[in-house]
Amino acid sequence: MTIHLAEHYGICFGVRDALALAERLSDDEPLTILGQLVHNPVARERLESLGVNQASLDDDPRSVTHRVMITAHGASDAARARWRESGHAVEDATCPLVRLAHGHLRRLVDQGCFPVIIGKHGHVEVLGLAGDFPGAAVLETEADLPAIPDRPLYGVISQTTQPIDRVLRLVVALRSARPNSQVKFRDTVCRPTKDRQEALRSLIKKVELVIVVGGHNSNNTRELVETVRAAGLTAHHIERPDELRPEWFTGINHAGLTGGTSTLPETVAQVRSRMLEITCQYKEVH
């Protein structure tokens with residue numbers, strides 16, 4: 001069996017920098033992450049081993065360490081202000097590309113647009129984007145369109161980890177549903193997400209199945225899985241190499257491997273090594 005690794009895979013620079021900052025700060029004084037720094041259990045276990053705590057943005061500040069950190073997913077300005085006003089030292093690991101999305105949304109609102117965020121309901125990044133605009137609409141599927149108020153002018157951005165094809169379809173759907181309104185759209189899907197999706201589409205052409213490595217609660221990892229399955233191929237979503245099953249590869253000559261933007265490179269390397277072991281064991285048996 002030949003293993004084909006996607007050209008772009010695994011941890012993006014925003015998550016990488018956030019992890020590095022958390023590890024560095026944990027050496028100085030107790031640190032609490034406000035939310036999940038990354039949607040990846042392996043990375044979370046690494047932080048826990050360093051004594052890093054985890055709380056929610058909505059928790060009582062009095063029960064949390066003096067130094068806290070906003071995750072790579074970002075937060076609303078109101079949430080940041082709440083923690084600073086409570087006397088905490090707030091470290092901000094918001095991804096620069098998430099900051100860019102916040103900036104685009106604010107400028108659209110300043111231009112008189114009604115804010116629309118394309119993304120997953122309840123996702124921490126979407127909650128942060130909407131947090132400073134309580135009336136903002138979240139558009140996850142076309143089923144959400146009837147709930148969006150009629151306005152003459154809409155300003156649309158998206159969660160940074162949404163597939164761009166889906167985002168563009170929903171922008172078209174909004175324009176069709178509100179033909180008498182103007183829709184201003186700003187593409188805020190991040191380059192790492194686009195790179196991983198494009199690399200996966202190329203990978204799919206070469207393989208018979210794909211192993212996707214990443215947290216089960218990672219939105220962008222799930223999107224990779226859905227892309228594989230939409231193409232008619234089998235996708236196995238795993239978090240660790242010990243989840244691989246030899247029977248998945250029976251009769252498979254070409255297997256693909258990729259990882260979401262919160263997946264550590266060493267985890268992908270470990271999965272690849274385990275896939276090679278399975279291949280060798282199969283050859284020995286046959």
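If you read the sequence from its start, that first residue is 1, and numbering goes on from there. Quick caveat, the model's predicted, so the values are computed rather than measured.
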State plainly whether the residues [X] and [Y] are in salt-bridge range, i.e. N to O under 4.0 Å.
{"X": "R24", "Y": "E91", "answer": "no"}
{"X": "E142", "Y": "R169", "answer": "no"}
{"X": "R240", "Y": "D242", "answer": "no"}
{"X": "R274", "Y": "E277", "answer": "yes"}
{"X": "R107", "Y": "D110", "answer": "no"}

Could you walk me through whether Q159 and N219 pass side chain to side chain contact (heavy atoms under 4.5 Å, CB included), step by step? CA-CA 10 Å; Q159 180 182 346; N219 181 71; 3.4 Å; yes
Gap between atom [atom2] of [Y] and atom [atom1] of [X] - 0.5 Å precision:
{"X": "L244", "Y": "R272", "atom1": "CG", "atom2": "CZ", "value": "13.0 Å"}
{"X": "L209", "Y": "L257", "atom1": "CG", "atom2": "CG", "value": "10.5 Å"}
{"X": "S181", "Y": "L153", "atom1": "OG", "atom2": "CG", "value": "8.5 Å"}
{"X": "L19", "Y": "I11", "atom1": "CG", "atom2": "CD1", "value": "5.0 Å"}
{"X": "E198", "Y": "L203", "atom1": "CD", "atom2": "CG", "value": "13.5 Å"}
{"X": "Q36", "Y": "L47", "atom1": "CD", "atom2": "CG", "value": "11.0 Å"}

Under 3.5 Å donor-acceptor, [X] side chain and [Y] backbone:
{"X": "E239", "Y": "G215", "value": "no"}
{"X": "R196", "Y": "N220", "value": "no"}
{"X": "T32", "Y": "A55", "value": "no"}

What class does the angle between the rings of H66 and H88 fall in, given that below 30° is parallel, 30 to 60° is tilted and above 60° is perpendicular? parallel
Could you tell me if E7 and S202 have a donor-acceptor pair between their side chains, going purely by distance under 3.5 Å? no
Side chains of T161 and E223: is there a donor and an acceptor less than 3.5 Å apart? no
Should T94 and R80 be marked as a side-chain hydrogen bond (donor to acceptor under 3.5 Å, both in side chains) after you check the CA-CA gap, both sets of side-chain angles, and the distance that decides it? CA-CA 11 Å; T94 302; R80 287 187 183 84; 3.0 Å; yes
List the steps and the verdict of side chain to side chain contact (heavy atoms under 4.5 Å, CB included) for K184 and V156. CA-CA 6 Å; K184 290 187 176 183; V156 184; over 6 Å; no
